[in-house]
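Both backbone and side-chain heavy atoms feed into the values below; hydrogens, waters and symmetry mates do not. FYI, the numbering just counts along the sequence from 1. What you are looking at is a predicted structure, and each value in this text was computed from that prediction instead of being measured.
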Amino acid sequence: SGSTSPSVTVWAAEDGNAICNVVTGGDVSAVCWCGGSEKFAVACAEDKSLKIFSFNPESYPCTNLEYGDSTMRFSDMIASPDGTRLYCAYGESLFCMQVENLALINEVSETENLTSLRLSSDGLRLLASVQSRDIHLYDTHSLTLLRRFQGHVQLRFIIRSCFGGAHEQFVVSGSEDSTIRIWNSHTGEVLAVLHGHEASVNAVAWSRESGVLLSASDDGTIRVWSP
């Protein structure tokens with residue numbers, strides 16, 4: 001986990017105890033673990049840097065990549081399931097980089113800032129939320145835009161989306177109008193609009209094991225939706 005202090009803490013999932021604290025050099029805006037590897041990526045808001053740390057109980061060698069645009073920061077990032085690629089939302093740009101050396105593989109530009117990213121479980125598709133606009137579906141290898149999902153509201157807050165269904169045939173997102181939308185991931189068709197929350201729905205998650213959808217809202221509730 002990151003914080004406004006210039007550090008990242010690594011926690012043990014089994015007991016919740018802190019394993020170590022790594023000094024990053026600036027306030028942390030995003031952090032993610034790189035697949036099955038022993039590396040994690042850290043984006044610092046203050047110096048606009050992106051760092052890759054190797055997890056080791058004794059040392060933390062890092063690769064550092066600096067970005068000079070003082071008006072932008074990394075808003076989100078996510079690693080491929082095999083831990084070799086890193087996808088980053090940086091202002092209006094979507095980057096794909098090699099984890100090993102942070103070499104740029106591909107880049108695409110949107111018309112507005114990107115706010116959040118989500119990968120499919122097989123790592124072949126990427127959802128990117130665009131501020132004040134749609135959710136865009138990309139092919140991860142070429143960063144080709146495959147589809148747009150429209151109808152939800154995202155004007156002031158970060159609204160996170162996810163894939164849903166046993167075969168991830170759905171795309172799901174909350175909305176500032178207190179609804180949840182479910183689209184067909186292959187066609188972009190709206191399949192359902194769920195009502196029940198009383199404020200913005202900021203995050204959603206689909207359990208592939210149980211088939212239920214969970215949603216978190218500014219109304220202070222987490223709801224569980226059954227098929």
Side-chain angles (χ1 to χ4, degrees), residues 2 4 27-32 43 45 48 69 71-79 86-96 107-121 125-140 143-165 168-207 212-225:
T4 54
D27 293 352
V28 176
S29 60
V31 61
C32 77
K48 318 301 175 187
D69 188 346
T71 64
M72 294 296 168
R73 68 182 181 93
F74 291 94
S75 56
D76 201 6
M77 57 184 176
I78 191 168
L86 187 66
Y87 300 91
C88 304
Y90 183 74
E92 297 176 358
S93 297
L94 173 62
F95 296 146
C96 175
E107 176 186 357
V108 295
S109 296
E110 291 282 1
T111 57
E112 295 190 56
N113 288 343
L114 295 162
T115 59
S116 66
L117 305 174
R118 180 67 64 93
L119 271 175
S120 59
S121 60
R125 297 177 295 167
L126 174 70
L127 291 174
S129 295
V130 184
Q131 187 72 46
S132 304
R133 296 182 66 84
D134 316 324
I135 301 168
H136 292 176
L137 179 67
Y138 284 95
D139 173 271
T140 54
L143 288 190
T144 301
L145 179 61
L146 302 175
R147 203 157 290 107
R148 290 182 170 90
F149 303 96
Q150 302 174 320
H152 69 301
V153 180
Q154 181 185 243
L155 298 174
R156 296 183 298 160
F157 307 119
I158 294 177
I159 306 295
R160 300 187 182 276
S161 57
C162 73
F163 290 95
E168 297 186 323
Q169 68 271 32
F170 307 132
V171 168
V172 187
S173 177
S175 177
E176 290 180 15
D177 63 4
S178 74
T179 64
I180 301 165
R181 277 173 168 73
I182 303 176
W183 295 268
N184 183 313
S185 65
H186 302 293
T187 66
E189 175 189 2
V190 177
L191 301 177
V193 180
L194 307 181
H195 299 266
H197 283 292
E198 299 178 354
S200 293
V201 182
N202 300 315
V204 290
W206 193 291
S207 171
V212 301
L213 171 67
L214 296 94
S215 59
S217 169
D218 281 349
D219 63 12
T221 67
I222 295 176
R223 291 179 179 260
V224 179
W225 308 80

Participant: How many angstroms lie between SG in Cys162 and CD1 in Ile135, if you round to the nearest 0.5 Å?
Facilitator: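 Answer for the SG-CD1 pair, Cys162 versus Ile135, is 9.5 Å.
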Participant: How long is the span from the CZ atom in Arg160 to the OG atom in Ser116, to the nearest 0.5 Å?
Facilitator: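 Between atom CZ of Arg160 and atom OG of Ser116 there are 5.0 Å.
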Participant: If the condition is salt bridge (Lys or Arg N to Asp or Glu O under 4.0 Å), which residues does Asp139 pass it with, not counting sequence neighbours?
Facilitator: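 For Asp139 there are no salt bridge (Lys or Arg N to Asp or Glu O under 4.0 Å) partners, ignoring immediate neighbours.
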Participant: Within a radius of less than 6.0 Å around CD of Glu198, do more than 12 heavy atoms belonging to other residues, nucleotides or ligands occur?
Facilitator: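 No, the 6.0 Å shell around CD holds no more than 12 heavy atoms from other groups.
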Participant: Would you give the length of the straight line joining atom CG of Asp134 to atom CD of Glu112, rounded to the nearest 0.5 angstrom?
Facilitator: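 One finds 9.5 Å between CG of Asp134 and CD of Glu112.
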Participant: Could you work out, with side chain to side chain contact (heavy atoms under 4.5 Å, CB included) as the rule, every residue matching Ala205, not counting sequence neighbours?
Facilitator: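 Partners of Ala205 by the side chain to side chain contact (heavy atoms under 4.5 Å, CB included) criterion come out as none, since no residue qualifies.
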Participant: To the nearest 0.5 Å, how far apart are CZ in Phe149 and OG in Ser129?
Facilitator: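 OG of Ser129 is found 11.0 Å from CZ of Phe149.
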Participant: Are the side chain of Thr140 and the backbone N or O of Leu126 linked by a donor-acceptor pair below 3.5 Å?
Facilitator: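 Looks like no, no N/O pair under 3.5 Å.
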Participant: Does the side chain of Arg181 pick up a donor-acceptor pair with the side chain of Thr179 at under 3.5 Å?
Facilitator: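 A pair is found: one side chain offers a donor N or O, the other an acceptor, under 3.5 Å apart.
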Participant: Considering residues at least two apart in sequence or located in another chain, which fulfil the side chain to side chain contact (heavy atoms under 4.5 Å, CB included) criterion with Ser215?
Facilitator: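 Per chain and number, Ser215 pairs via side chain to side chain contact (heavy atoms under 4.5 Å, CB included) with Ile180, His197, Val201, Val204, Arg223, Trp225.
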Participant: Are Leu94 and Leu117 side-chain neighbours, meaning at least one heavy-atom pair lies under 4.5 Å?
Facilitator: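 Side chain of Leu94 against side chain of Leu117, heavy atoms only: contact under 4.5 Å found.
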Participant: For Leu145, does the CG atom have more than 12 heavy-atom neighbours from other residues, nucleotides or ligands under 6.0 Å away?
Facilitator: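 Atom CG in Leu145 is packed in, count exceeds 12.
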Participant: With sequence neighbours left out, what residues match Arg125 under side chain to side chain contact (heavy atoms under 4.5 Å, CB included)?
Facilitator: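 So Arg125 forms a side chain to side chain contact (heavy atoms under 4.5 Å, CB included) with Ser120, Leu137, Phe163, Glu168, Ser185, His186.
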Participant: Find the distance between CD (Gln131) and CD (Gln154) and round it off to the nearest 0.5 Å.
Facilitator: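 So the CD of Gln131 and the CD of Gln154 are separated by 5.0 Å.
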Participant: Sequence neighbours left out, what passes side-chain hydrogen bond (donor to acceptor under 3.5 Å, both in side chains) with Glu110? Give chain and number order.
Facilitator: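 For Glu110 the side-chain hydrogen bond (donor to acceptor under 3.5 Å, both in side chains) partners, ignoring immediate neighbours, are His136, Tyr138.
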Participant: In terms of the angle between their ring planes, are Phe95 and Phe74 parallel, tilted or perpendicular, with boundaries placed at 30° and 60°?
Facilitator: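 Ring orientation, 0 to 90° scale: perpendicular.
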Participant: Under the rule for side chain to side chain contact (heavy atoms under 4.5 Å, CB included), what residues qualify as partners of Thr111, not counting sequence neighbours?
Facilitator: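 Per chain and number, Thr111 pairs via side chain to side chain contact (heavy atoms under 4.5 Å, CB included) with Arg133.
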Participant: Quick one: does Tyr90's side chain get under 4.5 Å of Glu107's, heavy atoms only?
Facilitator: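 A side-chain contact under 4.5 Å is absent here.
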Participant: Using side chain to side chain donor-acceptor pair (under 3.5 Å), reason through Asn202 and Ser200 one step at a time and then give a plain yes or no.
Facilitator: CA-CA 6 Å; Asn202 300 315; Ser200 293; 4.9 Å; no
Participant: Check whether Trp183 reaches the backbone of Arg148 with its side chain - one donor and one acceptor, N or O, closer than 3.5 Å.
Facilitator: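 Answer holds: no.
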Participant: Leu213 versus Leu194: any side-chain heavy-atom pair under 4.5 Å?
Facilitator: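 Result yes, sub-4.5 Å side-chain heavy-atom pair found.
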Participant: Are Ile159 and Ser173 close enough that some pair of their side-chain heavy atoms sits under 4.5 Å apart?
Facilitator: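 Yes. Closest side-chain heavy atoms under 4.5 Å.
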Participant: Please round to the nearest 0.5 Å and tell me the distance separating atom CG of Asn113 and atom OG of Ser93.
Facilitator: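 Answer rounded to 0.5 Å: 9.5 Å.
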